[in-house]
Enquirer: 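The structure under discussion is supplied below as structure tokens; questions concerning it will follow.
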Protein chains: 2
Amino acid sequence: MTARNEDPTRDRILQAAGVVFAERGFEKATVRDICSAAEVNLGAVNYHFGDKQKLYVEVLLCAHQDFYKKVPLPQWSESDPPEQKLSDFVRTMMYRLLLAEGLPWQAQLLTREMVTPSEACRELSERSIKPIHSLLVGVLRELTPEETSETDLEKTAFSVIGQCVFYKMHAPVVETIVTEEQRADHFQPDQLAEHITRFTLSALGRGSLFELTSTVSETEANS
Amino acid sequence: MTARNEDPTRDRILQAAGVVFAERGFEKATVRDICSAAEVNLGAVNYHFGDKQKLYVEVLLCAHQDFYKKVPLPQWSESDPPEQKLSDFVRTMMYRLLLAEGLPWQAQLLTREMVTPSEACRELSERSIKPIHSLLVGVLRELTPEETSETDLEKTAFSVIGQCVFYKMHAPVVETIVTEEQRADHFQPDQLAEHITRFTLSALGRGSLFELTSTVSETEANS
DNA sequence: GTTTAATTCAAACACGTGTTCTAATATAAT
DNA sequence: ATTATATTAGAACACGTGTTTGAATTAAAC
């Protein structure tokens with residue numbers, strides 16, 4: 001049948017476990033579900049991976065490698081204005097967070113770990129998170145005074161990320177507050193990204209929140 | 001309801017279930033734990049409440065009533081400057097979120113529901129969330145131009161709340177990025193509240209983030 | 001005091017979970 | 001072909017969960 005493509009049950013498990021874990025998370029995903037999805041015997045997980053947790057770590061590792069090969073972090077040319085970089089960063093963030101359903105399971109799984117890291121493999125989650133964080137800090141450094149402390153930069157980064165993640169994590173909350181129409185009309189990823197970008201730029205003294213379309217303008221609206 | 005209370009095991013269960021649910025959440029809290037903590041027979045939960053879920057709803061209802069009688073939302077005098085109101089709001093938020101351990105279990109439980117609402121009783125969670133949200137929107141309205149749309153106000157409110165909630169929800173992430181010392185020195189509730197307040201005010205065109213230490217932060221302004 | 005209902009208690013039940021066991025089978029080396 | 005090893009299969013195990021049961025006990029009513 002299959003020459004040597006994807007038949008070794010180990011790979012089938014890895015694949016199936018990926019989507020099941022991505023859908024349900026570590027706790028709620030059962031070994032039986034995974035084996036059933038992989039069309040593999042129940043004992044196979046323990047035979048090939050030792051136990052459920054080791055399988056999870058393995059899956060996460062693969063997802064991490066796959067994903068960051070296929071979807072590397074954006075890299076701008078040095079000359080790009082930092083406002084543009086921030087805008088891109090936020091938009092990418094919102095896309096990843098809110099459209100993860102449509103993306104391959106790797107993205108979903110990593111997003112899940114980023115948002116609710118499992119106590120199992122913190123070290124691994126760090127590897128997904130830290131690059132994103134430093135990228136953002138780098139952009140923010142271009143947008144803040146020279147003498148800004150590292151601590152303040154980090155808090156600012158958390159302010160940006162906090163805004164983004166909120167819409168993913170607290171979708172239920174948002175749903176109870178804004179109407180269906182409002183959400184359809186004004187709470188789509190692009191619009192949210194624009195709001196967050198403008199809010200942040202305004203906080204950093206670049207542009208103002210509501211008045212002008214100021215993403216790349218030079219208006220020094222100070223008060 | 002019943003004039004006579006004190007010991008009826010029902011109350012003991014309610015009390016014990018409160019702290020156990022607050023600590024571990026609905027899923028991870030076991031009926032055995034609760035009954036053991038209440039020093040009550042295992043079957044008592046089912047006898048008095050039907051099942052675990054009905055008990056949870058009951059507990060949440062009580063917590064909600066208790067908490068909002070004891071700790072009502074802050075109400076300022078009309079004359080208070082809106083900057084002060086925002087500062088108070090954010091600080092209260094951070095205290096509730098980050099110091100919930102020290103607060104009675106009701107706060108912890110409600111915070112938990114606010115942050116990860118259980119599918120069981122969404123309607124109940126709404127009752128905790130909406131007042132907070134409208135309070136914030138009210139404050140923000142004073143801080144934004146008249147013509148600001150309701151939608152923009154709401155996004156701005158989510159920007160504020162997102163920043164606050166981030167430190168609660170993603171504590172693990174923060175821990176991987178900032179060092180222990182940094183956290184002890186610069187990431188305490190008061191300092192985070194100040195950053196968030198200044199970030200937000202700056203975004204709204206009031207004050208600037210890093211330069212001046214103008215805003216209300218240290219001044220003991222109790223009302 | 002007797003009777004009746006409500007409550008407590010210990011034990012067991014039903015079920016889902018991760019894991020392990022042993023025999024059967026495929027795969028490869030000799 | 002024979003042997004040795006690696007893998008699979010299905011069943012069973014061990015354990016934790018919420019829930020139920022039925023007898024024992026208490027409290028109340030008559």
Side-chain angles (χ1 to χ4, degrees), chain A residues 1-62 109 112-113 116 118-121 124, chain B residues 1-61 109 112-113 116 118-121:
Chain A
M1 292 282 199
T2 53
R4 61 175 183 118
N5 212 357
E6 300 176 2
D7 239 0
T9 53
R10 200 189 133 93
D11 289 351
R12 292 242 302 285
I13 294 177
L14 229 37
Q15 175 77 18
V19 335
V20 175
F21 279 137
E23 269 176 8
R24 309 210 236 283
F26 178 78
E27 307 271 356
K28 302 217 164 186
T30 80
V31 176
R32 280 172 176 80
D33 284 340
I34 293 169
C35 290
S36 162
E39 292 176 314
V40 156
N41 184 267
L42 176 57
V45 160
N46 296 71
Y47 178 78
H48 286 280
F49 297 92
D51 59 19
K52 184 187 174 187
Q53 176 132 315
K54 295 202 188 77
L55 166 63
Y56 184 66
V57 174
E58 199 88 358
V59 166
L60 214 57
L61 196 63
C62 291
L109 189 61
R112 185 169 224 123
E113 269 294 313
T116 54
S118 75
E119 71 294 336
C121 37
L124 195 55
Chain B
M1 297 297 182
T2 55
R4 50 132 117 273
N5 41 7
E6 275 310 310
D7 245 358
T9 54
R10 201 189 132 94
D11 289 351
R12 292 242 302 285
I13 294 176
L14 228 39
Q15 175 76 17
V19 335
V20 175
F21 279 137
E23 267 176 10
R24 311 209 235 283
F26 178 78
E27 307 270 356
K28 302 215 164 187
T30 80
V31 177
R32 281 172 176 80
D33 285 340
I34 293 170
C35 290
S36 162
E39 292 176 313
V40 157
N41 185 268
L42 176 58
V45 160
N46 295 70
Y47 178 78
H48 286 280
F49 297 91
D51 60 20
K52 184 187 174 186
Q53 176 133 318
K54 295 201 189 77
L55 166 63
Y56 184 66
V57 174
E58 199 88 359
V59 166
L60 214 58
L61 198 62
L109 189 61
R112 185 167 223 124
E113 269 295 312
T116 56
S118 76
E119 70 294 338
C121 36

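Naming: A, B, ... by sequence-line order, numbering from 1 per chain. FYI, side chains are in, hydrogens and waters are out, and symmetry mates aren't considered; it's all heavy atoms of this structure.
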Enquirer: Taking only side-chain N and O atoms of A:H48, does any of them lie within less than 4.0 angstrom of OP1 or OP2 on D:dA6?
Expert: no
Enquirer: Is there a side-chain polar atom (N or O) of B:T9 under 4.0 Å from OP1 or OP2 of C:dT7?
Expert: no
Enquirer: Round to the nearest Å and state the distance from A:Y47 atom OH to C:dT19 atom P.
Expert: 17 Å
Enquirer: Is it true that a side-chain atom of A:K52 and a backbone atom of A:A29 form a donor plus acceptor pair closer than 3.5 Å?
Expert: yes
Enquirer: Taking B:E58 first and then B:R10, would you say they form a salt bridge - that is, a charged N and a carboxylate O separated by under 4.0 Å?
Expert: yes
Enquirer: Taking NZ from A:K54 and C1' from C:dT20, how many angstroms apart are they, rounded to a whole number?
Expert: 14 Å
Enquirer: Rounded to the nearest angstrom, tell me the gap between atom OH in A:Y56 and atom P in C:dT17.
Expert: 18 Å
Enquirer: Going by modelled atom types, is there a donor-acceptor pair between the base of D:dG10 and the side chain of A:N41 at under 3.5 Å?
Expert: yes
Enquirer: Angle class for the A:Y56/A:F21 ring planes (parallel below 30°, perpendicular above 60°, tilted otherwise)?
Expert: perpendicular
Enquirer: How close or far is atom P of D:dG18 from atom CZ of B:R24, stated in whole angstroms?
Expert: 11 Å
Enquirer: Rounded to the Å, how far apart are A:E39 CD and D:dA9 C1'?
Expert: 15 Å
Enquirer: Please give, in whole Å, the distance from C:dT17 P to A:D33 CG?
Expert: 7 Å
Enquirer: So which nucleotide from C:dG18, C:dT7, C:dA11 ends up closest to the side chain of A:T30?
Expert: C:dG18
Enquirer: Are side-chain N/O atoms of B:T30 and B:D33 paired as donor and acceptor at under 3.5 Å?
Expert: yes
Enquirer: Just how far, in rounded Å, is C1' of D:dG10 from CG of A:L42?
Expert: 9 Å
Enquirer: Between C1' on D:dT20 and NZ on B:K52, what's the gap in Å once rounded to a whole number?
Expert: 17 Å
Enquirer: Taking atom types as they are modelled, is there a donor-acceptor pair under 3.5 Å from the base of C:dG16 to the side chain of A:R32?
Expert: no
